[in-house]
Amino acid sequence: MTMTGEILIAYTSRKGSTEEIARTIGKELEAAGKRVVVADLAGISSVEGFVAVVIGSPVYMAQVEKAVPDFVARNREGLLAVPVAAFAVGVAPVNPRVGSVDEVLGKLRAALEPVKPVAVTMFAGRLELSRMSFFERTVTTLLNVLTGDFRDWEVIRAWARELPSVLGVW
Ligand SMILES: Cc1cc2nc3c(=O)[nH]c(=O)nc-3n(C[C@H](O)[C@H](O)[C@H](O)COP(=O)(O)O)c2cc1C
């Protein structure tokens, strides 16, 4: 059972960078007086009682994580009844070589179908060789992709501050 009035921030994350973004968005909303639950979407069995839902996923090989459409399928009715916003995380915003942000946002919208998000965005993430498997390191090296932590916390917090009005929860 959840208390009414809470905002759910449901993320999926392989290496923690999307989780940290979700938690930062949660803190920013709490600082604005909102009640927030931040949780891995794999463990969420119901969105009942939440006034709005924010969904976050990293992008791997140009794809939003399958956990997102799975979550939407499990919670279809609940998600269709509340405002939903979503964010993708990846290196495309700082490295066009890996693909276009617009393409990712299209895939994010498709992963949410039939839910129509009130807002979607893509944040720059973190790509570190030390956190990669041999396969990932090989791909990254072959593609000559720039590594580093590209998360811009000011951009992330600014998006979070806009959320209550975008979601229509006051
Ligand atoms: C094997 C691999 C493939 C990736 N593919 C993409 C991609 O296609 N587009 C993109 O923007 N970022 C891509 N990234 C970057 C990740 O999205 C980025 O590292 C993100 O912050 C990871 O999130 P996480 O820490 O929550 O797992 C890739 C990273 C790895 C390791």
Discussion item. Please report the interatomic distance OH(Y11) to CD1(I55), rounded to the nearest 0.5 Å.
Written reply: 14.0 Å
Practice prompt. Calculate, to the nearest 0.5 Å, the distance between atoms OG1 and CZ belonging to T18 and R151 respectively.
Written response: 8.5 Å
Fill in: Listed once per pair and sorted, the side chain to side chain donor-acceptor pair (under 3.5 Å) pairs that draw on residues 68-88, sequence neighbours left out
K66-D70
Worksheet, complete the sentence: Shortest non-hydrogen pair, I7 vs F50, comes out as C-CD2, 3.9 Å
Worksheet entry | Residues L167, V118; criterion side chain to side chain contact (heavy atoms under 4.5 Å, CB included); working and verdict | CA-CA 7 Å; L167 292 166; V118 296; 3.8 Å; yes
Worksheet item: Out of curiosity, L79 CG to K116 NZ, how far, rounded to the nearest 0.5 Å?
Response: 13.5 Å
Practice prompt. Quick one: which residue pairs count as a side chain to side chain donor-acceptor pair (under 3.5 Å) with a foot in residues 118-131, not counting sequence neighbours?
Written response: E128-R131
Fill in: R14/E65 salt bridge by N-O under 4.0 Å criterion
yes
Worksheet, complete the sentence: Correct closest heavy-atom pair for A52 and V169 would be CB-CG1, 4.1 Å
Worksheet item: Which residue, L163, L8, V38, forms the side chain to side chain contact (heavy atoms under 4.5 Å, CB included) with V54?
Response: L163
Discussion item. Between K107 (side chain only) and A62 (backbone N and O only), is there a donor and an acceptor less than 3.5 Å apart?
Written reply: yes
Item to complete: Test M122 against L105 for side chain to side chain contact (heavy atoms under 4.5 Å, CB included), laying out the working first.
Response: CA-CA 7 Å; M122 182 173 191; L105 294 181; 4.1 Å; yes
Item to complete: Output yes when E28 and R161 qualify as a salt bridge under the 4.0 Å nitrogen-oxygen rule, no when they do not.
Response: yes
Discussion item. For a quick test of reading the model, state the closest non-hydrogen atom pair linking L80 to P114 and the distance between them.
Written reply: CD2-O, 3.8 Å
Worksheet item: Below 4.0 angstrom, N of the basic side chain to O of the carboxylate: do E20 and R23 qualify?
Response: no
Practice prompt. List the steps and the verdict of side chain to side chain contact (heavy atoms under 4.5 Å, CB included) for V120 and F87.
Written response: CA-CA 5 Å; V120 290; F87 63 92; over 6 Å; no
Worksheet entry | Under 3.5 Å: donor-acceptor pair, side chain of E162, backbone of W159 | no
Discussion item. Suppose clustering is done on Ile, Leu, Val, Met, Phe, Trp and Tyr with side-chain heavy atoms closer than 4.5 Å. Which residues sit in the same group as V98?
Written reply: M61, V91, V94, L127, L129, M132, F135, V139, L143, V145, L146, F150
Fill in: Closest contact, heavy atoms only, A22 versus I9
CB-CG2, 3.8 Å
Practice prompt. Test F134 against E136 for side chain to side chain contact (heavy atoms under 4.5 Å, CB included), laying out the working first.
Written response: CA-CA 6 Å; F134 174 75; E136 290 173 337; over 6 Å; no
Worksheet item: So do S57 and V89 actually touch side chain to side chain, heavy atoms under 4.5 Å?
Response: no
Worksheet item: Shortest non-hydrogen contact from A111 to V72?
Response: O-CG2, 3.9 Å
Item to complete: First locate atom OG of S13, then atom CG of D40, and finally report the distance between them rounded to the nearest 0.5 Å.
Response: 8.0 Å
Worksheet item: Cluster question for you: counting only ILVMFWY and a side-chain heavy-atom cut-off of under 4.5 Å, with indirect links fine, are Y60 and L41 together?
Response: no
Discussion item. Can you tell me how far apart OG (S17) and CZ (F123) are? Round to the nearest 0.5 Å.
Written reply: 12.0 Å
Practice prompt. Locate the shortest heavy-atom distance separating A124 from I21; write the atom from each residue and the value.
Written response: O-CD1, 4.4 Å
